[in-house]
Enquirer: 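Got a structure for you, written out below as structure tokens; questions coming shortly.
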Amino acid sequence: MDARERYFWDLNGHLVVRNVLDQDEIDEVNEALKIAIEGVRERQRSGARGSEALHGSSARWYRGDNLLGLPHPHGVPFRKLLAHPQVISRLRVMCGRGFRLDHGPQFNNAVKDTEGLTMHGAGAPHRDMVAYKHQGGETYCGGVTVTWNLTDHPGNGTGGFAAVPGSHKSDFPMPEGVRDATDHVGSIINPEIRAGDVLFFADGAQTHGTLPWKNDWDRRSILMKYASRTSTRQDVARCVAPEVYWDDPIVQEMSAEERAVMFGPCSAPGREDMYLTVEENGAVRLEHPESAQRAT
Ligand SMILES: O=C(O)CCC(=O)C(=O)O
């Protein structure tokens, strides 16, 4: 991630990186998605929540949610995206040196006239696990979503990902007209993201949502929800259990209240071998491969 991208990311709260996947790679993921398309259902609860501006046919979602769990070998192309060098090099700057997949990959699918989703992630109430901060000349974001785009997303009001640039630094409550996109005074943008591009956004810190899809072709986006290593974007049920984080005898006799402070927030706590880096030749590798060997 160069200084130009860092400036854009810090200023806006999102970043589009062009042409990360070539046509063969796009085709491979689209092929794997065929089976997921069969599992796409209409959502019962509307994401547009009565908004005139976001109105459309109901939202479409993939049942089963996690594409890594597709029957073998359909999950493999998604696995290949998990630690992609173009993602790792940027997450190191956005989330700090350590990060992990918190949830996903999930499939955002839309056909012509699929409804939008109200703007959310306004930074209020403050949620530390997805907050955006600066310190010592570095930025830190607890939750970064990486969206792989498999079809063209022309933006400019034609639907799909929408965001309020700069909102991750706003100190004021989001007006209702922004939430439902009816009166946003031009604050919501709908960026152009082409097939093969990757979008990063400060999910939870930056205000974002979805505009109704107006294009004649399907929207196909794969969202991978990363978190800084010490953040957890899911509730406590998805944290490391007290018995795993601590030795079993330490927590065995504890009351529910005592246990409530004993959950672990992070993956691989204290393990140096879990940090990734990108070499000059573009390869992703563990920073300390020798300690990874010791750990296995
Ligand atoms: O990609 C989009 O349309 C927005 C996704 C979104 O709002 C989310 O993941 O929270």
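Counting starts at 1 for both ligands and their atoms, following the listed order. Nothing fancy with the numbering, it's 1 onward along the sequence. Atoms considered below: every heavy atom in the structure, side chains included; atoms not considered: hydrogens, waters and symmetry mates.
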Enquirer: Hey, does D203 have a side-chain heavy atom less than 4.5 Å from the side chain of V130?
Expert: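 No. Closest side-chain heavy atoms not under 4.5 Å.
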Enquirer: Should you measure from each heavy atom of L117, which atoms of ligand 1 turn up under 4.0 Å away?
Expert: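 Those qualifying, in numeric order: 7 (O).
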Enquirer: For T145 and Y226, does a side-chain donor sit closer than 3.5 Å to a side-chain acceptor?
Expert: no
Enquirer: Atoms of ligand 1 less than 4.0 Å from L223 heavy atoms?
Expert: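 Ligand 1 atoms under the 4.0 Å threshold to L223: 5 (C), 9 (O).
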Enquirer: How close does the nearest protein non-hydrogen atom get to atom 8 (C) of ligand 1, and which residue and atom is it?
Expert: K225 NZ, 3.4 Å
Enquirer: Does the structure place the NZ or CZ of R97 under 6.0 Å from the centre of the six-membered ring of Y275, at an angle of no more than 45° from the ring's axis?
Expert: yes
Enquirer: Would you mind checking if K133 and D128 are paired as a salt bridge, meaning a charged N to carboxylate O distance below 4.0 Å?
Expert: yes
Enquirer: Test your reading of the structure: does Q106 have an N or O sitting under 3.5 Å from an N or O of ligand 1?
Expert: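 Q106 vs ligand 1: no N/O contact under 3.5 Å.
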Enquirer: Contact between ligand 1 and G209 is defined here as a heavy atom of the residue under 4.0 Å from a ligand atom; is it met?
Expert: yes
Enquirer: Please verify whether a non-hydrogen atom of N108 lies at under 4.0 Å from ligand 1.
Expert: yes
Enquirer: T210 heavy atoms, cut-off 4.0 Å: which ligand 1 atoms fall inside?
Expert: 2 (C), 3 (O), 4 (C)
Enquirer: Of the choices H153, R219, H208, which has the non-hydrogen atom that lies closest to atom 1 (O) of ligand 1?
Expert: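 The nearest heavy atom belongs to R219.
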Enquirer: Does H153 have its ring centroid less than 6.0 Å away from the ring centroid of W213?
Expert: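 Between W213 and H153, which both carry aromatic rings, the centre distance is below 6.0 Å.
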